[in-house]
Amino acid sequence: MLKKAKWPVFVALILGVVAAAIRYLRTVNVAVLNPKGTIAQQQRGLMVIASLLAILVVVPVFVMTIVISVRYRAGAQTGKKKKAKYTPETDHNTVLESLWWGIPVAIIGVLSVVTWVSSHSLDPFRPLKSGVQPLHIQVVALQWKWLFLYPDQHVASVNEVHIPVNTPVDFQITSDAPMNSFWIPQLAGQVYAMSGMSTQLHLMATQPGTYNGSSANISGKGFADMRFQAIASSSDDFGEWVRYAQNNGNTLTDDSYPALAEPGQSPQASMLLASNDLYDTILMKYMGHGNNDAMAGMQGMEQ
């Protein structure tokens, strides 16, 4: 009786673990599983599809491992009732080999199609289709803070980015420090920020709220605290914040920027942006160095 009860107990244990995991995920806010933007929703769907396809392979493998370990263990071959039968005809069995080769090949084929489609539809450089004019924001990764520039609104902010809901946002991203990674899990995936290079990320928040953003690439001792907030609000609230940033008495100029760029943490702040060329200036600072080094190298070769 005890031996017969082993499998029901095992199945019940597995179902209990699955139920506990589902309950945990429903009560805890796992950012990547709780999307609030169009891109993040598609990414969650992609993760679910990939996970389900993986389960089709992983679960049978684990089940077969346990069954084979129990059925063909040394103790199972003693006594009158042997659990393992000698079946040499199973070798090169066409049906079985078609199953354990065909199923993985089919899964890989499906994953290939999903990867191809998602790689193009979720390209961070691809603008989002919308009847609303996109908002242009420039992002600069510093040590260890985030600077956001709004050239069209002539404002800037530190460690907080304000966006209106249901409005496409076009982020231009660079770094004036070691390489970093810009990430708002509930709105989109991560995109690297590199000195002398400008990358892009398009996203759109579908619900108002405050979403946590962070650095996803180790960049020094202040990396762990390099966090920011993405605040999605109505168009009216966004306009009110822009007016506040323009008139609160704080101004970011080319002369005051070097002090802000010094390594260290900074509190959230908003300010008037005096120059719309600051982002390009930061980019050209590294590109100019690279050009000078290249020219020096060429001259050395000529000599």
Side-chain angles (χ1 to χ4, degrees), residues 25 28-51 54 111 114-128 134-150 157-163 165 167-207 209-232 263 265-266 268 279 282-283 286:
L25 292 176
V28 176
N29 180 22
V30 180
V32 294
L33 299 179
N34 186 23
K36 302 298 181 182
T38 55
I39 297 299
Q41 289 171 356
Q42 296 179 59
Q43 290 176 334
R44 182 184 64 177
L46 179 61
M47 288 189 291
V48 170
I49 292 174
S51 298
L111 277 174
V114 171
T115 301
W116 175 269
V117 173
S118 62
S119 296
H120 288 79
S121 62
L122 295 175
D123 183 358
F125 280 78
R126 183 177 181 177
L128 300 180
L135 173 66
H136 181 49
I137 302 177
Q138 298 167 332
V139 184
V140 182
L142 302 172
Q143 288 183 300
W144 290 271
K145 69 209 78 171
W146 293 96
L147 173 63
F148 300 94
L149 308 173
Y150 299 73
S157 60
V158 178
N159 289 336
E160 63 175 8
V161 56
H162 291 254
I163 58 175
V165 296
T167 299
V169 181
D170 173 18
F171 286 106
Q172 278 187 292
I173 305 170
T174 191
S175 173
D176 194 8
M179 185 175 74
N180 220 295
S181 183
F182 178 77
W183 191 25
I184 311 174
Q186 289 186 271
L187 297 181
Q190 63 168 331
V191 171
Y192 282 103
M194 294 168 281
S195 303
M197 297 183 64
S198 183
T199 55
Q200 277 189 290
L201 174 65
H202 291 83
L203 59 79
M204 182 168 64
T206 55
Q207 297 182 30
T210 300
Y211 309 114
N212 293 324
S214 64
S215 164
N217 190 80
I218 296 177
S219 58
K221 65 179 182 179
F223 153 77
D225 297 319
M226 193 172 172
R227 303 177 184 276
F228 66 94
Q229 288 186 329
I231 303 171
Q265 276 79 38
S266 294
Q268 292 181 346
Y279 185 86
I282 295 170
L283 275 176
Y286 294 93

Just so I know, are the side chains of L187 and I163 near enough to count as touching, which here means a heavy-atom distance under 4.5 Å? yes

Say you draw a straight line from OG1 of T38 to NE2 of H202; how long is it, rounded to the nearest 0.5 Å? 11.5 Å

Here the gap from M194 atom CE to M179 atom CE, rounded to the nearest 0.5 Å, amounts to 7.0 Å

Apply the test side-chain contact (heavy atoms from CB on, under 4.5 Å) to residues Q229 and Y211: give CA-CA distance (whole Å), side-chain angles for both, the deciding distance (0.1 Å), then the verdict. CA-CA 6 Å; Q229 288 186 329; Y211 309 114; over 6 Å; no

Value for CG (L201) from CH2 (W183), rounded to nearest 0.5 Å, stands at 13.0 Å

Hey, are the side chains of L46 and V48 touching, using non-hydrogen atoms and a 4.5 Å cut-off? no

Between Q200 and P124, which heavy-atom pair has the shortest distance, and what is it? O-CB, 3.4 Å

When every non-hydrogen atom of E160 is compared with those of I231, the smallest separation belongs to OE1-CD1, 4.1 Å

Give the minimum heavy-atom separation between I137 and V161, together with the two atoms involved. CD1-CG2, 3.8 Å

Roughly how far apart are N34 CG and Q207 CD, rounded to 0.5 Å? 8.0 Å

Apply side-chain contact (heavy atoms from CB on, under 4.5 Å) to residues I39 and L128 and explain how you reach the verdict. CA-CA 9 Å; I39 297 299; L128 300 180; 3.6 Å; yes

Anything under 30° is parallel, anything over 60° is perpendicular, the rest tilted; go ahead and classify F171 against F182. tilted

For atom CG of L111, is the number of surrounding heavy atoms from other residues, nucleotides or ligands below 6.0 Å larger than 12? yes

Apply the test side-chain contact (heavy atoms from CB on, under 4.5 Å) to residues F223 and N217: give CA-CA distance (whole Å), side-chain angles for both, the deciding distance (0.1 Å), then the verdict. CA-CA 8 Å; F223 153 77; N217 190 80; 5.6 Å; no

Hey, is the main chain of S214 close enough, under 3.5 Å, to the side chain of R227 for a donor-acceptor pair? no

Identify, with sequence neighbours excluded, every residue that meets ring pair (Phe, Tyr, Trp, His ring centres under 6.0 Å) alongside Y279. none

Atom CG in N180, atom CD1 in I218: separation rounded to 0.5 Å? 10.5 Å

Decide side-chain contact (heavy atoms from CB on, under 4.5 Å) for T174 and T199; before the verdict, give the C-alpha distance in whole Å, the side-chain angles of both, and the deciding distance to 0.1 Å. CA-CA 7 Å; T174 191; T199 55; over 6 Å; no

Is any side-chain heavy atom of H136 less than 4.5 Å from a side-chain heavy atom of Q172? yes

Can you run down the side chain to side chain donor-acceptor pair (under 3.5 Å) pairs that involve residues 185-196, sequence neighbours left out, and say none if there aren't any? S181-Q190

d(Q143 CD, S266 OG) to nearest 0.5 Å is 12.0 Å

Tell me whether the count of non-hydrogen atoms from other residues, nucleotides or ligands lying under 6.0 Å of CE in M47 goes above 12. yes

Nearest heavy-atom approach of I282 to S175 is CG2-O, 4.4 Å

T206 side chain to K36 main-chain N or O, any donor-acceptor pair under 3.5 Å? yes

Does the N159 side chain pair with the main chain of W146, one donor and one acceptor, at a distance under 3.5 Å? yes

Shortest non-hydrogen separation from W144 to P263 and the atoms involved: CZ3-CB, 3.8 Å

Between Y150 and Q138, is there a donor-acceptor pair closer than 3.5 Å when you use the side chain of the first and the backbone of the second? no

Between Q43 and A188, which heavy-atom pair has the shortest distance, and what is it? OE1-C, 3.5 Å

